[in-house]
Each structure stands twice: as structure tokens, then as C-alpha cells.
Amino acid sequence: MTPDVAGTALPALALMIGALLPALPAMLRGTPAGRLAGLIVTGPLVTLVLVLLAAAYGRPAYLDVALVLALLSFSGSLVFARFLSRTL
């Protein structure tokens, strides 16, 4: 890890992980609409955390995982919203 990238990536990682803390309980417990909101917020945040880790540690494999996660979280939120619209 280079000092230049590590100096900027680590505070950003701490902020993003801190932003995940309120979204996780909403996603794990709560109303179905709250779970959907938690899923929509959590997907891009985790994707950005993986991209920052790839930049900080110089591991391009994390970018592949981030891309797959971004695609799956988007499609998963669409499927969950479709099932949620049937129950309301």
C-alpha cells in the first residue's frame, strides 16, 4: 500500500463503514419497506468500499467483486421491490 493512496483511502473507508451502521439494522430488521431502503443504501456503499480497498491495496480482483456486487444489488433491489409491491 502506497502512503499516498493509503492516506486518502483509509479515512474514506471509515466514513463509508460508518454510513453502513444505520443501514444494516434497517436491512436486517424492520418493515419490508425499511428493508428495501436498507438494501438500496447498502449495495452501493459496499461496492464503493470494495473499490477503495482495491485502490488502497493494489488488488484488481476486488474490482471484479465490486462489479458483480453492483449488478446483483441493483437487480436484487428491483426483484424485492416487485415482490413488495404485490403485498402492499
Side-chain angles (χ1 to χ4, degrees):
M1 180 170 11
T2 62
D4 186 32
V5 174
T8 57
L10 292 179
L13 280 172
L15 277 172
M16 286 187 199
I17 290 172
L20 282 174
L21 292 177
L24 285 176
M27 189 176 67
L28 297 175
R29 298 175 163 191
T31 64
R35 289 180 181 182
L36 178 62
L39 178 68
I40 290 171
V41 168
T42 304
L45 280 175
V46 173
T47 302
L48 288 174
V49 165
L50 286 172
V51 168
L52 280 174
L53 284 173
Y57 290 115
R59 305 228 178 200
Y62 291 159
L63 292 175
D64 298 336
V65 175
L67 177 65
V68 170
L69 178 69
L71 293 173
L72 288 178
S73 68
F74 176 70
S75 62
S77 63
L78 288 178
V79 168
F80 191 57
R82 172 125 180 165
F83 284 125
L84 183 63
S85 69
R86 289 183 185 173
T87 60
L88 292 177

Distance-only check: which donor-acceptor pairs under 3.5 Å involve side-chain atoms of residues 19-43, not counting sequence neighbours?
| residue | atom | partner | partner atom | Å |
| --- | --- | --- | --- | --- |
| Thr31 | OG1 | Gly34 | N | 3.1 |
| Arg35 | NE | Gly30 | O | 3.4 |
| Thr42 | OG1 | Gly38 | O | 2.6 |

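- Leu45 and Leu52 fall within the same hydrophobic cluster, where Ile, Leu, Val, Met, Phe, Trp and Tyr residues are linked whenever their side-chain heavy atoms come under 4.5 Å apart, directly or through other members.
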Residues 69-76, side-chain donor-acceptor partners within the protein, below 3.5 Å, at least two apart:
| residue | atom | partner | partner atom | Å |
| --- | --- | --- | --- | --- |
| Ser73 | OG | Leu69 | O | 3.1 |
| Ser73 | OG | Ala70 | O | 3.2 |
| Ser75 | OG | Leu71 | O | 3.1 |
| Ser75 | OG | Leu72 | O | 3.2 |

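- Between Met16 and the choices Leu48, Thr47, Val46, the side chain to side chain contact (heavy atoms under 4.5 Å, CB included) rule is met once, by Leu48.
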task: Could you walk me through whether Val49 and Leu53 pass the side-chain contact (heavy atoms from CB on, under 4.5 Å) test, one step at a time?
output: CA-CA 6 Å; Val49 165; Leu53 284 173; 4.2 Å; yes

